[in-house]
Amino acid sequence: MRTIEIKENDGGQRLDKYLSKRFKTMPKSLMYKYIRTKYIKLNGKKCDKADFLKAGDILTLYIKDEFFEENPEKNYEFLKAPDKLDILYEDENLILLDKKAGVIVHQDKTYHFDSLVMRLKHYLYNKGEYNPDDEGSFSPALVNRIDRNTAGIVIGAKNAESLRILNEKMRTREIEKYYLCRLCGKPKYEHGVLEGYLIKNESNNTVKVFKNKTEGAKKIITEYTVLSSDGKTSLAQIHLHTGRTHQIRAHMAFIGHPLVGDSKYGKNKKNFINSRKFQALCAYKLVFNFKTDAGKLNYLSGKEFEIKNAVERI
């Protein structure tokens, strides 16, 4: 028999969600059986999988010891990643990171440890703000993601409550995202709100845009404003009203103006890519435009954060 005290970062979530994250090797069917047969109790009483946990709750577990075994090397794998970050803003709840083009947001098979989220964990660990041994199910997380070869602002959440709030505000579009990009050529109109439908091909990580509604496609809305142009290329601001994979790159290419340096969606084979390593795109501004209560993050409402030298980087 073992007991676990629920800490602040683990409160505010369903019991089954917490257990799934805390005991990753435990089959869900067994977890539900443990709950049903009172092998897992909440504050000494029978519990339900849908019970919400709060800080200070005590879980009593009569489960196999093997589920408590952890791999310390895995927990601290983030220490292999660099701990240096370009920080645009930071407080006790969140951090805004200026991601450079070429840095991957989350690790994959190629970059199994060096990623922006791993760098964030290493940074916070060194500051004494994160220790895996002190957390049951939470670890610092990124709220939004941008392509490896796109630069710009990425939001990191330092605690579970902030992560939940930011995820919800991102879902309800109360965090507005603006991009700067360079387009091939000059659009016919200085300003436009483009609507279309997008389908993602998971096998080759590309998307295709359609003008009309298509089975399996998701609607996309992309607003652009041309800021300047020399005829060959144009500097434009993009405001995303929806956030789909490769939306900006694919939508602007669909109207005949792919991003400079974008070898994946550029229709012109040259596409000015000989002098560029990455596509000319930067997520340069965030606006916290809260329309509903944001709890402990209400202080962010109305604030804007911007990368000042974004134009020079595209």
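- Formation of a donor-acceptor pair under 3.5 Å by the Lys99 side chain with backbone atoms of Thr150 is found in this model.
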Would Ile104 and Asp114 satisfy side-chain contact (heavy atoms from CB on, under 4.5 Å), going step by step from the backbone distance to the final call?
CA-CA 8 Å; Ile104 195 168; Asp114 186 11; over 6 Å; no

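- Side-chain atoms of Asn167 do not come within 3.5 Å of backbone N or O of Met170 as any donor-acceptor pair.
- Sparse packing is recorded around CD of Glu8, with 12 or fewer heavy atoms of other residues, nucleotides or ligands lying under 6.0 Å away.
- Minimum interatomic distance between Cys282 and Ile314 (heavy atoms only, all atoms of both residues): CB-CG2, 3.8 Å.
- Residue Lys127 places its NZ atom among more than 12 non-hydrogen atoms of other residues, nucleotides or ligands, all under 6.0 Å distant.
- A chain of hydrophobic side-chain contacts below 4.5 Å, direct or via other Ile, Leu, Val, Met, Phe, Trp or Tyr residues, connects Val154 to Leu281.
- Under the 3.5 Å distance criterion, the side-chain polar atoms of Lys158 are matched with a main-chain donor or acceptor of Asp91.
- Formation of a donor-acceptor pair under 3.5 Å by the Asn9 side chain with backbone atoms of Ala160 is found in this model.
- The shortest distance between side-chain heavy atoms of Lys285 and Leu180 does not fall below 4.5 Å.
- By the 6.0 Å contact criterion, CZ on Arg313 is enclosed, its count of non-hydrogen atoms from other residues, nucleotides or ligands being greater than 12.
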Under the side-chain contact (heavy atoms from CB on, under 4.5 Å) rule, what do Ile248 and Tyr224 come out as? Steps first, then yes or no, please.
CA-CA 10 Å; Ile248 296 173; Tyr224 74 88; over 6 Å; no

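- Considering all non-hydrogen atoms of both residues, Arg173 and Leu240 come closest at NH2-O, 3.5 Å.
- Taking all atoms of both residues into account, the shortest heavy-atom contact from Leu124 to Glu90 is CD2-OE2, 4.3 Å.
- Listed for the Thr225 side chain is no donor-acceptor partner under 3.5 Å among the backbone atoms of His191.
- Salt-bridge check for Arg164 with Glu161: failed, with every basic side-chain N at 4.0 Å or more from each acidic carboxylate O.
- Residues Tyr89 and Ile155 form no side-chain contact, since every pair of their non-hydrogen atoms from C-beta on lies 4.5 Å or further apart.
- Judged by distance alone, the side chain of His122 and the main-chain N or O of Ala81 form a donor-acceptor pair under 3.5 Å.
- Annotation: Lys100, atom NZ; neighbour count of heavy atoms from other residues, nucleotides and ligands within 6.0 Å is above 12.
- A salt bridge does not link Lys45 with Asp51: every distance from a Lys NZ or Arg NE/NH1/NH2 to an Asp or Glu carboxylate oxygen is 4.0 Å or more.
- One N or O on the side chain of Asp293 and one on the backbone of Gly295 form a donor-acceptor pair closer than 3.5 Å.
- Residues Ala250 and Val207 approach most closely at CB-CG2, 3.4 Å, considering heavy atoms.
- Residue Leu59 is not grouped with residue Phe52 when hydrophobic side chains (ILVMFWY) are merged at heavy-atom distances under 4.5 angstrom, including chains of intermediate members.
- Interatomic distance, CZ of Phe278 versus OG of Ser263, reported as 11.0 Å (0.5 Å rounding).
- Across Ala50 and Asp48, no two heavy atoms sit closer than the pair N-OD2, 2.8 Å.
- Each of Val193 and Phe210 belongs to its own hydrophobic cluster when Ile, Leu, Val, Met, Phe, Trp and Tyr are linked at side-chain heavy-atom distances under 4.5 angstrom.
- Panel note: side chain His257, backbone Cys184; a donor-acceptor pair is recorded below 3.5 Å.
- Between Arg14 and Asp16 there is a salt bridge, since at least one side-chain N of the basic residue sits less than 4.0 Å from a carboxylate O of the acidic one.
- Within the 4.5 Å cutoff, the side chain of Leu166 has no heavy atoms near those of the Asn93 side chain.
- Note that Lys169 lies outside the cation-pi zone of Phe288, set by a 6.0 Å cut-off to the ring centre and a 45° limit from the axis.
- Between Ile165 and Lys296 the shortest side-chain heavy-atom distance falls below 4.5 Å.
- No more than 12 heavy atoms of other residues, nucleotides or ligands lie within 6.0 Å of NZ in Lys208, so this atom counts as exposed by the packing criterion.
- To the nearest 0.5 Å, atoms CD (Gln247) and OG1 (Thr242) are separated by 3.5 Å.
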Salt bridge (charged side-chain N to carboxylate O under 4.0 Å, His left out) assessment of Lys7 paired with Glu135:
CA-CA 8 Å; Lys7 298 184 179 181; Glu135 302 291 345; over 6 Å; no

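- One finds the OG atom of Ser139 at 12.0 Å from the CG atom of Asn131 (value rounded to the nearest 0.5 Å).
- In summary, of the residues considered (Tyr125, Phe78, Tyr123), a ring pair (Phe, Tyr, Trp, His ring centres under 6.0 Å) with Tyr130 occurs for Phe78 alone.
- Transitive grouping of hydrophobic side chains (ILVMFWY, heavy atoms separated by less than 4.5 Å) brings Phe138 and Leu297 into a common cluster.
- A donor-acceptor distance shorter than 3.5 angstrom exists from the side chain of Asn43 to the backbone of Ile58, with no hydrogens or angles considered.
- The shortest distance between side-chain heavy atoms of Ile175 and Asn144 does not fall below 4.5 Å.
- The side-chain hydrogen bond (donor to acceptor under 3.5 Å, both in side chains) with Asp262 is formed by just one residue from the set His246, Arg249, Gln279, Arg182; it is Arg249.
- Put simply, OH on Tyr32 and CG on Leu15 are 9.5 Å apart, with the number rounded to the nearest 0.5 Å.
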Given side-chain contact (heavy atoms from CB on, under 4.5 Å), test Ile63 with Met26 step by step and report yes or no.
CA-CA 10 Å; Ile63 67 176; Met26 183 188 295; 3.6 Å; yes

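- Around CZ of Phe305, the count of heavy atoms belonging to other residues, nucleotides or ligands within 6.0 Å exceeds 12.
- Residues Ile238 and His251 form no side-chain contact, since every pair of their non-hydrogen atoms from C-beta on lies 4.5 Å or further apart.
- Shown here for Ala157 and Ser162, the closest heavy-atom pair between the two residues is CB-C, 4.3 Å.
- For the atom pair NZ (Lys264) and CG (Asn149), the distance works out to 9.0 Å, reported to the nearest 0.5 Å.
- Hydrophobic clustering of Ile, Leu, Val, Met, Phe, Trp and Tyr side chains at less than 4.5 Å, counting indirect connections, unites Leu53 with Ile40.
- Contact check for Leu194 versus Phe254: no side-chain heavy atoms found under the 4.5 Å cut-off.
- Between the side chains of Tyr18 and Asp57, no donor-acceptor pair is found at a separation under 3.5 Å.
- Atoms CD and CD1, on Glu306 and Ile153 in that order, are 8.0 Å from each other to the nearest 0.5 Å.
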Can you check side-chain contact (heavy atoms from CB on, under 4.5 Å) on Gln13 and Asp10, steps first, answer last?
CA-CA 7 Å; Gln13 62 181 314; Asp10 294 319; 4.0 Å; yes

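- Looking only at distances, no side-chain donor or acceptor of Tyr62 sits under 3.5 Å from a matching main-chain atom of Lys41.
- Side chains of Tyr178 and Glu304: a donor-acceptor N/O pair is absent below 3.5 angstrom, by distance only.
- Side-chain contact between Phe67 and Leu61 is absent, with no heavy-atom pair separated by less than 4.5 Å.
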